[in-house]
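Reviewing the structure listed below.
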Amino acid sequence: VVVVAGLIVVAVLLAVIFWPLKPTFIARCKEFKGYDCEKMWGTFEQAYVGRDPRTVPTEAYDPFIAAADFSADPNKLMFWSKTNKVVHDFTEKKKGCFLTLEDTVLGYMLNGLTWCGKEGSTITFRSFACPGMEEKNAVDSFWNRVSAAFADAACGDVTAMLNGDIATPFNPNSTFAKIEVKRFNYPRVKSLTVVLVTEKSAVTKCTNASLKDLQKELKPGIQYNCKEVTEAHIQECSSNPEIACGACW
Ligand code: N1C
């Protein structure tokens, strides 16, 4: 029994590591109209294949990012930090209101996946086979690059869903703070509305110190608003088609 169980564990681990990334990438890509998915895979792969997985520069993804663009609906972009589940439940249910990066082809194809290359190899490795943590690993460099492109595309009224259950909803180490906010340019971006979501009673309010820092980071001219809402309210609002897009907070 022990031997069999051991073999099963090894088989599962090998499957997780070597299960090819490409079929998932292509299948997700095909859910969007108008992309040459094989070509997209080619430009994606050339960013990291054959490279040291700890030193993939963000620019390596430039050709891949250029293969898609975010210009379709730059007026309703939704940013987030530490609210992954609630924000995506919301955009999933309230279709057409707001667009997160994961609702666009580039974010959608790679959401939740881990990948990397190796020097002298033409293979895409996955999961445990990839070193984590290093600042320039293949996955983080991709999210850093694509987040910059997404923020550059933003215009008009921008929304960000932040987590009101933590002490620092605007964390200086987050992608939102490090990359996105810095790239909102006035007058292209007119306003930023922070939606501070809490599960029950808020630990953190709109008066939070980190949100003061966020306001300081905004270019002069960009208007700032902050709304405190509960998760229950957001859920209720997203399941009610009668309520207009902007009226959930
Ligand atoms: O570091 P974060 O959040 O502030 O990043 C979120 C922020 C969003 O506005 C997105 O536009 O940056 C963009 N973004 C993603 O869309 C994304 N999808 C998946 C950044 N990171 C993303 N991931 C993965 O989650 C990625 O591996 C990164 O390291 C985490 C960041 O999540 P966070 O800390 O909650």
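For ligands, and for the atoms within them, numbers begin at 1 and follow the listed sequence. Positions are given from 1 along the sequence.
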Query raised in the report: Any chance NZ of K212 has more than 12 other-residue heavy atoms, nucleotides or ligands included, within less than 6.0 Å?
Result: yes
Requested in this report: Examine the side chains of D103 and T100 and answer whether a donor and an acceptor come within less than 3.5 Å of each other.
Outcome: yes
Query - Neighbouring protein residues of ligand 1 - any heavy atom closer than 4.0 Å - result: F79, W80, S81, K82, L101, E102, N111, W143, S147, F150, S174, T175, F176, E180
Query - For C97, disulfide (SG to SG under 2.5 Å) partners two or more places apart - result: C245
Query raised in the report: Who passes salt bridge (Lys or Arg N to Asp or Glu O under 4.0 Å) against R28, sequence neighbours left out?
Result: none
Report summary line: On a heavy-atom basis, the closest approach of T83 and M161 is OG1-O, 2.9 Å
May I have the list of side-chain donor-acceptor pairs in residues 216-223 shorter than 3.5 Å, sequence neighbours left out?
residue: E217; atom: OE1; partner: K182; partner atom: NZ; Å: 3.4
residue: K219; atom: NZ; partner: K182; partner atom: O; Å: 3.0
residue: K219; atom: NZ; partner: N185; partner atom: OD1; Å: 2.9

